[in-house]
2 protein chains.
Amino acid sequence: MTDVARAAGVSIKTVSRVVNAEAPVHPGTAAKVHAAIERLGFRRNAGARNLRTGSGTGTLGLIVEDIGNPFYSELHRAIERAAATGGRHVLAASSEGDEERERDLALEFCARRVDGLVIIACGERHDYLAAELKAGTPVVFVDRPCGELDADTVLADDEGGAAMAVAHLARLGHREIGFLGDAPEIHTTRQRLLGFRRGCEEAGIDYDERLVRLGLRARGTETDLADVSAALRDTGAATAIVTGNNRITVAALRTLAAGGRRPELVGFDDFELADLLDPPVSVVASDLTALGTTAAQLLLARTRGDRFPPKKVVLPMRLIDRSHPLPREESAP
Amino acid sequence: MTDVARAAGVSIKTVSRVVNAEAPVHPGTAAKVHAAIERLGFRRNAGARNLRTGSGTGTLGLIVEDIGNPFYSELHRAIERAAATGGRHVLAASSEGDEERERDLALEFCARRVDGLVIIACGERHDYLAAELKAGTPVVFVDRPCGELDADTVLADDEGGAAMAVAHLARLGHREIGFLGDAPEIHTTRQRLLGFRRGCEEAGIDYDERLVRLGLRARGTETDLADVSAALRDTGAATAIVTGNNRITVAALRTLAAGGRRPELVGFDDFELADLLDPPVSVVASDLTALGTTAAQLLLARTRGDRFPPKKVVLPMRLIDRSHPLPREESAP
DNA sequence: CTGTTAGCGCATTCAG
DNA sequence: CTGAATGCGCTAACAG
């Protein structure tokens with residue numbers, strides 16, 4: 001900017017005024033400044049400006065397990081759209097399911113002074129964020145609650161969703177229902193299992209823990225697939241299976257594709273082409289757009305200075321019943 | 001930092017030294033500083049540091065059409081991984097296929113002084129980036145070339161891929177092959193059509209433009225789906241179809257699911273569950289990991305100061321033949 | 001080992 | 001309408 005000022009033969013302040021259209025400038029002077037800007041390829045340094053004005057970096061941080069997982073990338077899109085409404089961009093990163101990496105990312109983003117942080121937590125403890133929260137960086141936890149922190153939270157009703165899944169299968173006449181879940185350390189896994197048990201109870205089905213397998217990681221490796229296959233074999237007595245997340249659902253489908261008739265399946269979270277498989281796959285799904293939008297809006301509200309006690313939102317899950325291939329189904333997302 | 005210094009009863013420079021472990025500090029002093037840091041919840045301001053050191057923001061910008069599209073989110077993941085190698089984070093944004101938005105995002109990211117920019121271009125002109133390039137912000141175009149700019153480029157061999165697709169279908173005995181493509185303004189569409197024609201020629205098939213439909217946008221809306229349906233109807237004489245991108249493939253599959261027997265299909269770019277559909281869907285696919293990694297590494301190299309003439313990389317596409325459901329297929333990505 | 005000074009690029013005073 | 005001085009939070013270059 002100093003260079004521009006020199007080139008245009010004016011003071012740096014005048015350049016600043018032109019660049020920010022902050023005050024009337026003599027047209028002739030403005031023209032000279034614009035010419036200099038063009039010639040020098042000047043572009044205002046957003047970081048420096050931010051340092052001076054303290055007006056926020058215009059950035060929201062997003063930490064998910066794996067940005068390549070459609071579940072998260074769809075969430076990312078919803079957050080991006082809502083963030084754009086508030087003139088913000090999104091700095092996204094994958095924790096890879098590593099608690100320490102999650103922590104490093106969160107603190108790194110805070111160091112960059114993001115205007116807010118959206119975290120899909122894999123870690124259990126988040127007290128390290130207490131200082132940042134108090135210092136004014138709003139944080140919202142999505143899909144999974146935080147540990148030991150009084151922050152905004154937007155969850156899906158996993159417990160209710162799982163109960164719905166079981167009820168649905170019971171309606172179809174199933175009595176031997178299995179559950180294939182992710183690591184029990186994950187909050188959603190526990191909630192879904194709770195709902196599963198409640199669903200069984202409500203349907204008058206004895207909960208049979210031999211049909212339940214937890215701790216299935218399904219991030220795409222061969223061994224993950226083998227684990228899911230083994231779990232399916234172990235729970236072979238089940239005539240129907242509830243799968244605890246979209247990765248497990250896909251892994252199960254891949255395993256089952258080899259065999260003959262497929263047990264009835266209800267997956268957690270919708271996925272593209274679920275309706276085009278044979279047979280189609282029913283799911284209980286959270287509304288990712290609502291989840292992401294709500295989270296981003298909470299952040300934006302706090303950024304605007306709104307003060308309210310930490311909000312705990314729980315959004316309902318929806319059963320997408322594809323078990324009757326008779327009428328044409330509505331489309332997947 | 002000044003606050004910390006006061007609280008610890010030392011100079012600001014000492015705090016700086018402790019924070020950056022830049023020079024030996026008396027253990028006792030260091031302890032006091034650490035205590036103050038803890039107490040005040042101090043975290044070094046990355047923006048200010050960057051302003052002073054001019055050492056780069058540790059950020060790569062990524063501009064895609066739609067970050068929620070699995071094609072792009074997978075690319076995003078590859079770029080994130082490679083960026084992490086160089087200690088960089090990724091600022092990602094969707095252009096929504098809007099040339100002007102693409103431009104705004106690119107310039108905004110430059111204003112934020114990203115260390116490099118990865119663009120999957122929807123626009124045709126990029127001369128507005130010439131100044132930034134010269135000023136030292138490296139830019140790499142992925143999947144589609146840039147217009148009027150001498151920048152690094154990493155493309156897939158779309159032309160070869162399309163020819164492979166046709167050859168494959170010809171091998172299966174098809175002579176009436178259709179092509180459903182995206183907007184002809186998009187470089188990949190043109191290349192793929194070129195390859196399609198070459199494939200036809202090489203297979204001794206007369207190119208029949210009545211079996212070709214371009215300009216199909218398939219970003220998920222109802223009208224998009226209707227357009228693809230109509231195009232499929234128009235090209236009904238074809239016994240086999242090549243679909244020009246993953247969205248069109250899915251839209252076509254959804255349309256065709258209603259009818260009886262499906263024409264043979266070869267899609268551009270792989271998608272999850274392609275192998276589990278009935279019948280499975282063969283595709284020609286680019287290696288998104290290679291695409292993303294190559295792009296990020298080019299950027300990182302230039303960030304390190306490497307000077308080399310703009311590199312034009314073309315990666316081969318791969319035919320994933322799923323037309324013989326006899327042996328078990330390998331998994332989708 | 002520690003402190004002082006200056007300045008990164010910009011915007012905000014306050015004077016012309 | 002325009003400009004000079006001051007400081008955002010931090011670090012580099014020097015002193016002590």
Side-chain angles (χ1 to χ4, degrees), chain A residues 1-34 36-37 40-59 107-115 131-132 135-137, chain B residues 1-34 36-37 40-59 107-115 131-132 135-137:
Chain A
M1 198 148 144
T2 318
D3 299 341
V4 175
R6 189 157 358 98
V10 298
S11 89
I12 176 177
K13 176 64 218 186
T14 300
V15 178
S16 175
R17 274 196 263 267
V18 170
V19 168
N20 299 305
E22 102 176 38
V25 170
H26 184 87
T29 319
K32 277 193 300 185
V33 171
H34 276 126
I37 286 178
L40 274 62
F42 167 82
R43 183 114 24 226
R44 184 180 61 191
N45 182 325
R49 175 193 169 89
N50 169 251
L51 178 58
R52 181 62 236 246
T53 62
S55 53
T57 55
T59 309
L107 292 179
E108 161 71 18
F109 284 2
C110 286
R112 290 179 180 225
R113 300 295 188 265
V114 294
D115 297 333
E132 319 291 339
T137 304
Chain B
M1 199 146 143
T2 318
D3 300 341
V4 175
R6 189 161 354 101
V10 300
S11 89
I12 177 178
K13 178 65 216 185
T14 301
V15 177
S16 175
R17 274 197 262 266
V18 170
V19 167
N20 299 303
E22 103 175 38
V25 169
H26 185 87
T29 319
K32 277 193 301 184
V33 171
H34 276 126
I37 286 178
L40 273 61
F42 167 82
R43 183 114 22 226
R44 184 181 60 191
N45 182 326
R49 175 194 168 87
N50 170 252
L51 180 57
R52 181 61 238 242
T53 61
S55 53
T57 55
T59 310
L107 292 179
E108 162 70 18
F109 284 3
C110 286
R112 292 179 178 223
R113 298 298 189 265
V114 294
D115 298 333
E132 318 291 338
T137 303

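Quick note on labels: first sequence line is chain A, next is B, and so on, each numbered from 1. All heavy atoms count here, side chains included; hydrogens, waters and symmetry mates do not.
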Going by the side-chain hydrogen bond (donor to acceptor under 3.5 Å, both in side chains) test, which pairs reach into residues 24-33 of chain B, not counting sequence neighbours? none
Just call it for B:Val19: base, sugar-phosphate, or nothing, with non-hydrogen atoms closer than 4.0 Å on any strand. nothing
Taking only N and O in the side chain of [X], is any of them less than 4.0 Å away from OP1 or OP2 of [N]?
X	N	value
A:Thr14	D:dG3	yes
A:Arg44	C:dA11	yes
B:Thr29	C:dC1	no
B:Asn20	D:dT11	yes
B:Ser16	D:dT11	yes

Could you tell me how far apart [X] ([atom1]) and [N] ([atom2]) are, to the nearest whole angstrom?
X	N	atom1	atom2	result
A:Ile12	C:dC8	CD1	C1'	12 Å
B:Asn50	D:dG9	CG	P	16 Å
A:Met1	C:dG7	CE	C1'	16 Å
A:His26	C:dG16	NE2	P	23 Å

[X]: what forms a salt bridge (Lys or Arg N to Asp or Glu O under 4.0 Å) with it, not counting sequence neighbours?
X	value
B:Arg17	none
A:Arg49	none
B:Arg113	none

Main chain of B:Ala46, side chain of B:Asn50: is a donor-acceptor contact present, judged purely on distance under 3.5 Å? no
Which residue lies toward the 5' end of DNA chain C, B:Val25 or B:Leu51, if each is placed at its nearest nucleotide? B:Val25
List the residues meeting side-chain hydrogen bond (donor to acceptor under 3.5 Å, both in side chains) with B:Arg6, not counting sequence neighbours, and say none if there are none. B:Asp3
Could you give me the CA-CA distance, side-chain angles and deciding distance for B:Ser16 and B:Val19, then say whether side chain to side chain contact (heavy atoms under 4.5 Å, CB included) is met? CA-CA 5 Å; B:Ser16 175; B:Val19 167; 5.8 Å; no
When you measure from the side chain of B:Asn45, which nucleotide among D:dG9, C:dG3, C:dC1 comes out closest? D:dG9
What are the atom names and distances for every N/O pair under 3.5 Å that joins the protein to nucleotides 12-16 of chain D?
from: D:dA12; atom 1: N7; to: B:Lys13; atom 2: NZ; distance (Å): 3.3

